[in-house]
Novice: 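Take a look at this one; I'll ask things after.
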Amino acid sequence: MQNRTLGEGLEVVGYKKNFTFDFEEFESLLQKNPNSFVSVTHISNVFGTINDIKRICTLAHKYDSYVMIDGAQSLAHTKIDVQDIDCDFFTISGHKTFAPTGVGAIYIKQELQDKVAPYQTGGATIKSVTYERSELLPSPYRYEAGTQNIAGVIGFAKALELIDTIGYENIEKQEHILYEYLHNELEKIEEV
């Protein structure tokens, strides 16, 4: 977080008592800190909540802020349409979608792609080099330094194909059946 601490460049939006996102507090923080960078999880494996990321993006953009969605927990469970959500960045992790570890992806909105500096350069990221300077290739190549995790990427593609073959409707239906079963069984336990 670039050496930022709470109240000194880093703010945390709270949750309400039922673990839902506190939109009132969020807007208050945005009013005090326009032009911010908002990072939020889509589905929390800590609280078991699904944040309304489309609403979060709309509100953040009202205050000229960029939004990055952590979609690591969501891609295996629900269909994602980054254009409908209108997020600026969306990250996913391969191992959360039944793929090998060590692979993931980031979506960057097209108009931001050439504004985001790569954290690593070299290899196939360079268009030209002189003693004075180097020029990067356009996106997405500017972000692909070094030899890629080829086996991991192939495994990731196959995992995404599996999810697509099963279908999100079937995944959501099965998860609902499991949730109902768990809920009904927990209700039978007095201590819960």
Novice: Give a yes or no on this: more than 12 heavy atoms of other residues, nucleotides or ligands lie within 6.0 Å of atom NZ of K16.
Specialist: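 Yes, enclosed.
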
Novice: Not counting sequence neighbours, which residues clear salt bridge (Lys or Arg N to Asp or Glu O under 4.0 Å) with E172? List them please.
Specialist: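 If we apply the salt bridge (Lys or Arg N to Asp or Glu O under 4.0 Å) test to E172, skipping adjacent residues, there are no hits.
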
Novice: Backbone N or O of E132 within a donor-acceptor pair of the T130 side chain at under 3.5 Å?
Specialist: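 Looks like yes, one N/O pair under 3.5 Å.
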
Novice: Using a 4.5 Å cut-off on heavy atoms from C-beta on, say whether the side chain of V153 contacts that of V103.
Specialist: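 Heavy-atom side-chain distance check passes, below 4.5 Å.
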
Novice: Could you name each residue pair satisfying ring pair (Phe, Tyr, Trp, His ring centres under 6.0 Å) that touches residues 126-158, not counting sequence neighbours?
Specialist: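 Non-adjacent pairs meeting ring pair (Phe, Tyr, Trp, His ring centres under 6.0 Å): zero.
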
Novice: Please check: side-chain N/O of N18 versus main-chain N/O of T20, any donor-acceptor pairing under 3.5 Å?
Specialist: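 Confirmed, N18 side chain pairs with T20 backbone.
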
Novice: Go through the structure and list residues passing salt bridge (Lys or Arg N to Asp or Glu O under 4.0 Å) with K173, not counting sequence neighbours.
Specialist: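 So K173 forms no salt bridge (Lys or Arg N to Asp or Glu O under 4.0 Å) with any residue.
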
Novice: Ring pair (Phe, Tyr, Trp, His ring centres under 6.0 Å): which pairs involve residues 51-70, sequence neighbours left out?
Specialist: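 Matches after skipping sequence neighbours: none remain.
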
Novice: Quick one, F23 and V13 - any side-chain contact, counting heavy atoms below 4.5 Å?
Specialist: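 With C-beta onward as the side chain, the pair stays apart.
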
Novice: For A145 versus Q148, what's the shortest heavy-atom pair and its separation?
Specialist: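 Smallest heavy-atom distance, with atoms named: O-NE2, 3.4 Å.
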
Novice: Under the salt bridge (charged side-chain N to carboxylate O under 4.0 Å, His left out) rule, what pairs show up with a residue in residues 153-164, not counting sequence neighbours?
Specialist: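 Matches after skipping sequence neighbours: K158-E161.
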
Novice: Do F98 and L160 have side chains that get closer than 4.5 Å, going by heavy atoms?
Specialist: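 Side-chain contact under 4.5 Å: no.
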
Novice: Is it the case that more than 12 heavy atoms not belonging to L136 sit under 6.0 Å from its CG atom?
Specialist: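 Correct, the count exceeds 12.
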
Novice: For a salt bridge (charged side-chain N to carboxylate O under 4.0 Å, His left out) check, start with the C-alpha distance between E27 and K32, then their side-chain angles and the critical distance, and finish with the verdict.
Specialist: CA-CA 9 Å; E27 184 160 21; K32 295 173 192 168; over 6 Å; no

Novice: Looking only at heavy atoms, what is the nearest atom pair of S134 and V129, with distance?
Specialist: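 Residues S134 and V129, closest heavy atoms: CB-CG2, 4.0 Å.
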
Novice: Is any side-chain heavy atom of L30 closer than 4.5 Å to one of L59?
Specialist: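 Yes, side chains in contact.
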
Novice: Sequence neighbours excluded and cut-off under 3.5 Å, please list the side-chain donor-acceptor pairs for residues 34-42, or say none.
Specialist:
from, atom 1, to, atom 2, distance (Å)
S36, OG, N33, O, 2.3
T41, OG1, I43, O, 3.2
H42, ND1, S74, OG, 3.0

Novice: Please check if Y15 and I50 belong to a single hydrophobic cluster, counting links between Ile, Leu, Val, Met, Phe, Trp and Tyr side chain heavy atoms closer than 4.5 Å.
Specialist: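 Per the 4.5 Å side-chain linkage, Y15 and I50 are not co-clustered.
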
Novice: Which atom names give the shortest non-hydrogen contact between H77 and Q73, and what distance separates them?
Specialist: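 It is CD2-O, 2.8 Å.
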
Novice: Counting only pairs under 3.5 Å, give me each side-chain donor-acceptor contact of residues 183-192, with atom names and distances, residues two or more places apart or in other chains.
Specialist:
from, atom 1, to, atom 2, distance (Å)
N184, ND2, E180, O, 3.1
E185, OE2, K188, NZ, 2.9

Novice: Can you list the residues that meet the ring-ring contact (aromatic ring centres under 6.0 Å, His included) rule with F26, with sequence neighbours excluded?
Specialist: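 Listed in chain order: F21.
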
Novice: Testing the basics here: between N149 and T101, what is the closest heavy-atom pair and its distance to 0.1 Å?
Specialist: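 Looks like ND2-O, 4.1 Å.
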
Novice: With the 4.5 Å side-chain cut-off for hydrophobic clustering, are I171 and I80 part of the same group?
Specialist: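 They do share one cluster, since a chain of ILVMFWY contacts under 4.5 Å joins I171 to I80.
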
Novice: Do I92 and V82 share a hydrophobic cluster, counting only Ile, Leu, Val, Met, Phe, Trp and Tyr and linking them when any side-chain heavy atoms are less than 4.5 Å apart?
Specialist: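 Both belong to a single hydrophobic cluster.
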
Novice: So which atom in I69 and which in C87 form the shortest heavy-atom distance, rounded to 0.1 Å?
Specialist: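 What the structure gives for the nearest pair is CG1-CB, 3.8 Å.
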
Novice: Which residues satisfy the ring-ring contact (aromatic ring centres under 6.0 Å, His included) test with F19, sequence neighbours excluded?
Specialist: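 F19: ring-ring contact (aromatic ring centres under 6.0 Å, His included) contacts with F47.
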
Novice: Can you tell me how far the CD1 atom of I53 sits from the CD1 atom of I85, to the nearest 0.5 Å?
Specialist: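 Rounded to the nearest 0.5 Å, the CD1-CD1 separation comes to 3.5 Å.
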
Novice: Any chance you could pull the hydrophobic cluster mates of Y179, using side-chain heavy atoms under 4.5 angstrom and chaining through other members?
Specialist: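 Noted: Y179 shares its cluster with no other residue.
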
Novice: Run the side-chain donor-acceptor check on residues 106-114: report pairs under 3.5 Å with partners two or more places apart or on a different chain.
Specialist:
from, atom 1, to, atom 2, distance (Å)
K109, NZ, D86, OD1, 2.8
K109, NZ, D88, OD1, 3.2
Q113, NE2, I108, O, 2.9
D114, OD1, S139, N, 3.4
D114, OD1, S139, OG, 3.1
D114, OD1, R142, NH1, 3.4

Novice: Suppose we screen for salt bridge (Lys or Arg N to Asp or Glu O under 4.0 Å). Which residues come up paired with D81, at least two apart in sequence or across chains?
Specialist: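 None.
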
Novice: For T121, is there any backbone N or O sitting under 3.5 Å from a side-chain donor or acceptor partner on T125?
Specialist: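 Side chain of T125 to backbone of T121, a donor-acceptor pair under 3.5 Å: no, none is there.
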
Novice: Taking C-beta and beyond as the side chain, do K96 and L75 meet within less than 4.5 Å on heavy atoms?
Specialist: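 No. Closest side-chain heavy atoms not under 4.5 Å.
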
Novice: Would a hydrophobic clustering, with Ile, Leu, Val, Met, Phe, Trp and Tyr connected at side-chain separations under 4.5 Å, put M68 with F90?
Specialist: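 Unlinked, M68 and F90 end up in two clusters.
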
Novice: L137 and A124: which non-hydrogen atoms are nearest, and at how many Å?
Specialist: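 Heavy atoms only, the tightest pair is CD1-O, 3.0 Å.
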
